[in-house]
Amino acid sequence: MSTNHVLEYLRLIDTGHFAEALTHFEPDAMIISPSLRGGEALNFQDFSELVYDYERTATPEQLAEDHEVDKFVASGDTVMAEGFVTGPSSNRYFLISTRLAPSGLIQRYSYLTWQVEDEKAVQVLRA
């Protein structure tokens with residue numbers, strides 16, 4: 001199983017290549033995140049529409065955010081990554097869990113993120 005699709009997806013998002021990032025998903029992928037439509041599971045088409053909308057409407061600050069991966073674990077067809085989304089006005093912890101299809105593309109994708117302002121909490125999470 002190739003884990004490259006997960007890391008490449010994050011790299012493309014961080015560099016503003018949102019449409020290209022979608023090529024790392026299976027066409028029948030399912031995506032879930034509390035920050036997307038209240039945690040409702042999305043099919044790939046609905047997720048793609050949200051990504052295209054974000055690409056058109058994101059502020060320069062949002063586009064300047066980067067995923068700093070602190071931990072990356074792969075086991076079988078499951079890949080997890082955690083770290084911080086950093087930017088001019090953000091410091092959010094993230095946790096991504098993915099299941100890869102036999103092709104190596106992302107089949108299931110879940111994304112959690114929350115704001116962390118306490119420096120001690122940041123140090124603990126990054127340890």
Side-chain angles (χ1 to χ4, degrees):
M1 239 357 108
S2 170
T3 59
N4 293 342
H5 288 288
V6 176
L7 292 174
E8 182 63 9
Y9 167 77
L10 290 173
R11 186 191 71 74
L12 289 167
I13 290 293
D14 288 345
T15 58
H17 296 92
F18 298 99
E20 187 179 348
L22 292 172
T23 65
H24 293 276
F25 285 82
E26 283 286 327
D28 63 347
M30 293 299 295
I31 296 91
I32 189 163
S33 174
S35 61
L36 300 174
R37 293 195 186 156
E40 172 188 333
L42 302 173
N43 64 34
F44 180 71
Q45 181 62 39
D46 290 341
F47 179 65
S48 297
E49 289 172 12
L50 287 175
V51 169
Y52 293 133
D53 186 52
Y54 182 82
E55 186 173 29
R56 285 190 308 276
T57 62
T59 66
E61 280 187 345
Q62 289 171 313
L63 293 174
E65 293 180 340
D66 287 314
H67 289 81
E68 295 179 3
V69 177
D70 292 334
K71 296 177 185 107
F72 187 84
V73 178
S75 178
D77 64 354
T78 302
V79 177
M80 296 181 72
E82 68 176 286
F84 280 82
V85 178
T86 60
S89 63
S90 69
N91 192 30
R92 298 185 319 274
Y93 177 78
F94 75 87
L95 176 63
I96 296 171
S97 175
T98 62
R99 176 148 305 144
L100 303 178
S103 65
L105 295 174
I106 299 168
Q107 182 74 43
R108 301 282 183 266
Y109 180 84
S110 61
Y111 182 83
L112 298 171
T113 182
W114 57 93
Q115 187 71 30
V116 180
E117 297 185 20
D118 179 64
E119 189 56 39
K120 198 162 196 104
V122 171
Q123 290 173 359
V124 169
L125 289 167
R126 292 205 113 150

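- Residues Ala58 and Leu63 come closest through the heavy atom pair CB-CD2, 3.7 Å.
- Contact record, Lys71 with Ala127: NZ-O, 3.0 Å, taken as the closest heavy-atom pair.
- The nearest pair of heavy atoms linking Ile106 to Ala29 is O-CB, 3.6 Å.
- Atom OG of Ser33 sits about 12.5 Å away from atom CZ of Phe94, to the nearest 0.5 Å.
- Residues Val51 and Val6 are members of one and the same hydrophobic cluster, defined by side-chain heavy-atom contacts under 4.5 angstrom among Ile, Leu, Val, Met, Phe, Trp and Tyr.
- Atom OG1 of Thr113 and atom NE2 of His67 lie 7.5 Å apart (nearest 0.5 Å).
- One hydrophobic cluster, built from ILVMFWY side chains closer than 4.5 Å, holds both Val122 and Trp114.
- You'll find the side chain of His5 stays beyond 4.5 Å of the side chain of Val79, heavy atoms only.
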Point to revise | Step-by-step salt bridge (charged side-chain N to carboxylate O under 4.0 Å, His left out) determination, Asp14 to Arg11 | key: CA-CA 5 Å; Asp14 288 345; Arg11 186 191 71 74; over 6 Å; no
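- Cluster membership for Leu100 and Leu7, using ILVMFWY side-chain heavy atoms within less than 4.5 angstrom, is shared.
- Note that CG of Leu36 is 6.0 Å distant from CG of Leu50, once rounded to the nearest 0.5 Å.
- The minimum heavy-atom distance between Glu55 and Gly16, with the atom names listed, is OE2-O, 3.8 Å.
- Only one option out of Phe18, Phe25, Tyr111 pairs with Tyr9 in a ring pair (Phe, Tyr, Trp, His ring centres under 6.0 Å); it is Phe25.
- In this structure, Phe44 CZ and Glu26 CD are separated by 9.5 Å, a value rounded to the nearest 0.5 Å.
- Counting only heavy atoms from C-beta outward, the side chains of Leu10 and Ile96 approach each other to under 4.5 Å.
- A side chain to side chain contact (heavy atoms under 4.5 Å, CB included) with Phe84 holds for exactly one of Asp66, Asp70, Val69; it is Asp70.
- Residues Ile31 and Tyr52 share a hydrophobic cluster, clusters being chains of Ile/Leu/Val/Met/Phe/Trp/Tyr side chains in contact below 4.5 Å.
- Between Leu42 atom CG and Tyr109 atom OH the span is 12.0 Å, to the nearest 0.5 Å.
- At distances below 3.5 Å, not a single donor-acceptor pair connects side-chain atoms of Thr78 with backbone N or O atoms of Arg99.
- Applying the salt bridge (Lys or Arg N to Asp or Glu O under 4.0 Å) rule to Glu65 yields the partners Arg92; only residues at least two apart in sequence or on another chain are considered.
- Within the model, atoms CD1 of Ile13 and CD of Glu8 stand 11.0 Å from one another, a figure rounded to the nearest 0.5 Å.
- A side chain to side chain donor-acceptor pair (under 3.5 Å) with Gln107 holds for exactly one of Asp77, Asp28, Thr98; it is Asp28.
- Counting all heavy atoms, side chain and backbone alike, Gln45 lies closest to Asn43 at N-OD1, 3.1 Å.
- The nearest pair of heavy atoms linking Tyr54 to Gln62 is OH-CB, 3.1 Å.
- Under the 4.5 Å side-chain contact rule for hydrophobic residues, Phe72 and Met80 do not share a cluster.
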